[in-house]
Amino acid sequence: MSIMNNKNVCLFSVALLTALFFSCKNIGSVAPPQPYGAIPSKPQMEWQKMEYYMFVHFGPNTFTDMEWGNGKEDPKIFNPSALDCRQWAATAKAAGMKAIIITAKHHDGFCLWPSKYSTHTVKESPWKNGKGDVLKELSAACKEYGLKFGVYLSPWDRNHPAYGTPEYNQIFANTLSEVLSNYGDVFEVWFDGANGEGPNGKRQEYDWDLFRSTVYKHQPNAVIFSDVGPGCRWIGNEAGFAGETNWSRLNVKGFAPGRSPALDTLNSGNRYGAAWVPGETDVSVRPGWFHSKATNGKVKSIDELLGIYFASVGRNSNLLLNVPADQRGLIHTNDSLRLMEVKQALGQSFEKNLAADKKAVSKTVRGNSDKYAAANLLDGDYDSYWATDDDVLTAAVEIDLRSSVDVNTVLLQEYIPLGQRVARFNIEVWNTNKNVWEQVAEATTIGYKRIIRFKTRQTNKLRLNILESLACPVLNNVGVYHLPEAYLPKEAKQQVMVNEKGDLPVAQWKILSPALSNVAEIIDGKGSSIAVSFKEAIIIDMGVENNFKGFFYVPEAKVAASNIARYNLMVSSDGKNWKALKTNAMFNNIRNNPIRQNQFFENPVKGRYIKLEPLELTNQSDKYLIAEIGLIK
Ligand code: FUL
């Protein structure tokens with residue numbers, strides 16, 4: 001073996017250095033991925049990071065115990081005895097929420113601020129001698145508590161005399177201008193798509209272009225919610241869940257609020273949608289949207305609310321949770337206690353990220369550069385991310401937890417400023433006894449945030465496999481957690497019972513119509529429904545005369561199922577001569593929120609037979625669904 005002379009040593013060193021130089025991770029010189037498809041605007045990005053905020057339904061309905069007022073309510077009924085928006089804000093803040101959106105004007109047209117453009121407002125009410133302004137108090141309270149402030153405004157107005165005429169569009173725009181220029185920053189404007197008849201029996205052709213431009217004129221950074229955005233979209237149900245697959249892109253061409261794409265499209269978005277319109281899940285903490293004494297005992301359980309959280313925030317959607325104020329103008333203790341319990345449960349669940357400061361490695365790193373290394377997934381910095389080369393659409397990341405621990409939850413985030421890309425992935429854990437990888441979950445989209453829960457496993461490593469991606473995957477965060485067992489998904493629930501205290505007993509009842517073999521199910525107290533021909537009424541013989549003050553109908557609990565929307569209800573003593581108790585009456589909001597409908601009569605009623613005649617269904621079916629019918633003492 002010859003010994004190298006000085007010159008050779010020199011050449012060798014140069015070669016070594018050059019080799020080292022080229023093999024070395026070249027920080028900074030590798031171009032970042034180009035954005036893929038539609039991407040969020042700056043306000044949409046800020047909005048997405050808010051994740052969880054409060055809806056407050058409040059207005060005349062709070063005092064009439066209605067879900068939809070008809071606009072004829074006397075403004076004198078609006079008189080909260082102890083309204084305190086600071087209590088709402090303090091509650092939202094303590095619950096970990098980031099904002100409050102208030103129903104400034106619901107379908108009944110009543111304005112919670114003294115609008116110049118209506119005579120159906122707080123100034124016509126006795127509250128604070130007509131000098132009150134709920135928006136003023138709430139916007140100030142939000143500011144004080146560091147919360148953002150948002151407004152819900154229903155274009156459908158069952159009170160305004162101009163509704164149903166072309167002039168109304170400008171009036172609504174003026175109304176918007178008032179709300180959006182007098183109360184500081186408004187982060188979200190919530191446009192309800194519901195469009196029914198106004199006081200003249202006419203519907204309105206809405207000028208959405210005018211409404212949107214009015215919003216942006218006063219609040220250029222506001223995110224506009226509607227069925228189709230443009231800021232964010234309705235998730236397609238009021239039950240609190242986004243699709244398992246949930247793209248933040250949507251095709252909006254040809255659609256409008258109230259004329260939306262199919263509900264499952266709203267639920268899942270469009271894989272190749274042309275616009276960035278992320279989902280927002282709106283759901284009430286109680287069965288209805290407005291406060292009612294009857295639902296004080298029906299605030300959703302921790303299980304239900306955690307289920308909602310994981311099915312919304314955990315599926316790439318923001319969560320807008322409604323917590324209605326009561327007749328005092330306060331959030332009821334039952335609701336606020338539950339919110340605190342949920343806050344605590346989420347705190348316990350996510351306080352310790354088992355992957356933080358551990359090791360993440362991937363064989364596929366963009367340009368082999370440290371700038372895009374898998375370690376970025378664990379550094380807590382939102383803007384640093386792991387990415388692969390443009391042509392690498394499947395990839396894996398291994399998370400080394402360094403010691404064996406219990407795990408059951410993985411939280412993933414895509415870096416959505418560059419678009420949403422991942423279409424399918426799975427998660428594996430290392431079986432330390434058998435020395436093999438075992439799959440614990442497989443799912444489709446990730447988006448801004450995806451939380452996957454699985455049966456608890458003890459392991460020291462996990463692997464995330466991106467199995468399908470529309471462009472090179474770009475992820476900025478992976479978290480690994482061990483949730484208390486109580487917060488893991490529960491087995492399918494048993495049959496839901498739908499009876500309430502105060503329902504008349506049904507032991508002696510006979511159902512005279514329809515003549516179906518399973519007809520007894522409509523009085524068995526359980527939640528499963530039967531289908532009845534649209535032409536057939538429900539007729540019941542109670543055997544004896546009874547006194548009652550109302551009736552209830554439990555529809556099929558699925559949004560847009562063929563439930564009864566409009567009906568007649570009749571009573572009789574002999575089964576021949578009928579008296580109308582309700583004529584052409586509506587089950588309000590039953591299409592979107594198909595819960596038990598309690599309907600009360602003007603005066604208590606006596607009778608032996610009742611008849612429910614369907615007049616209109618929530619869809620075009622020739623059959624309607626009914627889970628239960630009964631009378632309220
Ligand atoms: C719906 C309305 O009809 C309900 O009353 C409620 O306000 C809900 C949030 O939006 O469209």
Side-chain angles (χ1 to χ4, degrees), residues 53-71 73 99-112 134 150-159 163 172 188-198 203-204 206 208 211 223-229 231-242 255-260 263 266-267 279-292 295 300 308 312 317-325 335 555 559-560 563 565-566 586-599 618:
Y53 35 92
M54 187 185 273
F55 217 171
V56 178
H57 274 64
F58 186 56
N61 296 344
T62 313
F63 298 87
T64 55
D65 211 344
M66 301 267 284
E67 279 296 301
W68 283 358
N70 59 21
E73 295 78 20
I100 299 181
I101 299 181
I102 171 84
T103 51
K105 176 171 89 114
H106 205 251
H107 309 323
D108 55 53
F110 187 84
C111 302
L112 292 183
V134 181
V151 287
Y152 163 114
L153 278 138
S154 167
W156 181 24
D157 192 318
R158 302 177 84 182
N159 172 274
Y163 188 87
F172 185 65
E188 180 170 331
V189 178
W190 217 94
F191 282 138
D192 199 307
N195 179 355
E197 290 155 7
R203 275 173 200 249
Q204 181 77 27
Y206 296 134
W208 287 109
F211 303 165
V223 166
I224 298 181
F225 167 100
S226 82
D227 289 349
V228 289
C232 62
R233 70 170 198 270
W234 184 40
I235 209 68
N237 63 69
E238 294 181 358
F241 63 93
F255 297 111
R259 258 189 300 118
S260 71
L263 296 178
L266 292 180
N267 203 228
E280 182 187 82
T281 301
D282 63 311
V283 57
S284 185
V285 78
R286 293 171 175 239
W289 289 99
F290 284 87
H291 180 269
S292 160
T295 59
K300 289 191 169 72
I308 285 170
S312 54
S317 163
N318 277 2
L319 172 56
L320 173 60
L321 181 64
N322 180 62
V323 188
D335 308 58
V559 64
N563 287 319
R566 227 178 254 275
M586 260 164 72
F587 292 122
N588 292 326
N589 203 24
I590 194 168
R591 181 178 180 275
N592 293 345
N593 193 19
I595 54 172
R596 172 177 156 139
Q597 308 283 316
N598 288 346
Q599 306 280 302
T618 49

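Counting starts at 1 for both ligands and their atoms, in listed order.
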Exercise. Could you state the interatomic distance from NE2 (His107) to CZ (Arg158), rounded to the nearest 0.5 Å?
Worked result: 8.5 Å
For this session: List every atom of ligand 1 that sits less than 4.0 Å from any heavy atom of Glu238, numbering the atoms from 1 in the order shown and giving each element.
Result: 1 (C), 8 (C), 10 (O), 11 (O)
For this session: Working to the nearest 0.5 Å, report the span between OG of Ser292 and CD of Glu67.
Result: 8.5 Å
Exercise. Which heavy atom of Gly279 sits nearest a heavy atom of Ser317, and at what distance?
Worked result: O-OG, 3.3 Å
Exercise. Is there a nitrogen or oxygen of Asp192 sitting under 3.5 Å from a nitrogen or oxygen of ligand 1?
Worked result: yes
Exercise. For the residue pair Phe211 and Phe191, does the interplanar ring angle fall in the parallel (under 30°), tilted (30 to 60°) or perpendicular (over 60°) class?
Worked result: tilted
Problem set entry | Glu67, His107, His57: member with heavy atom nearest to atom 7 (O) of ligand 1 | His57
Problem set entry | N or O pair under 3.5 Å between His106 and ligand 1 | yes
Problem set entry | Distance (rounded to the nearest 0.5 Å) between Thr103 OG1 and Phe58 CZ | 8.5 Å
Exercise. Measuring from the heavy atoms of Phe55, does anything fall under 4.0 Å of ligand 1?
Worked result: yes
Exercise. Is Asp282 touching ligand 1 with its side chain, its backbone, both, or neither, if touching means heavy atoms under 4.0 Å apart?
Worked result: side chain
Problem set entry | Those atoms of ligand 1 less than 4.0 Å from some heavy atom in Tyr152 | 7 (O)
For this session: Would you mind checking if Asp227 and Arg233 are paired as a salt bridge, meaning a charged N to carboxylate O distance below 4.0 Å?
Result: no
Exercise. Relative to the heavy atoms of Trp68, which atoms of ligand 1 are at a distance of less than 4.0 Å?
Worked result: 2 (C), 3 (O), 4 (C), 5 (O)
Exercise. Looking at atom 4 (C) of ligand 1, what's its closest protein heavy atom, distance included?
Worked result: Asn589 ND2, 3.4 Å
For this session: Give me the ring orientation class for Tyr163 and Tyr206: parallel if the planes are under 30° apart, tilted from 30 to 60°, perpendicular past 60°.
Result: perpendicular
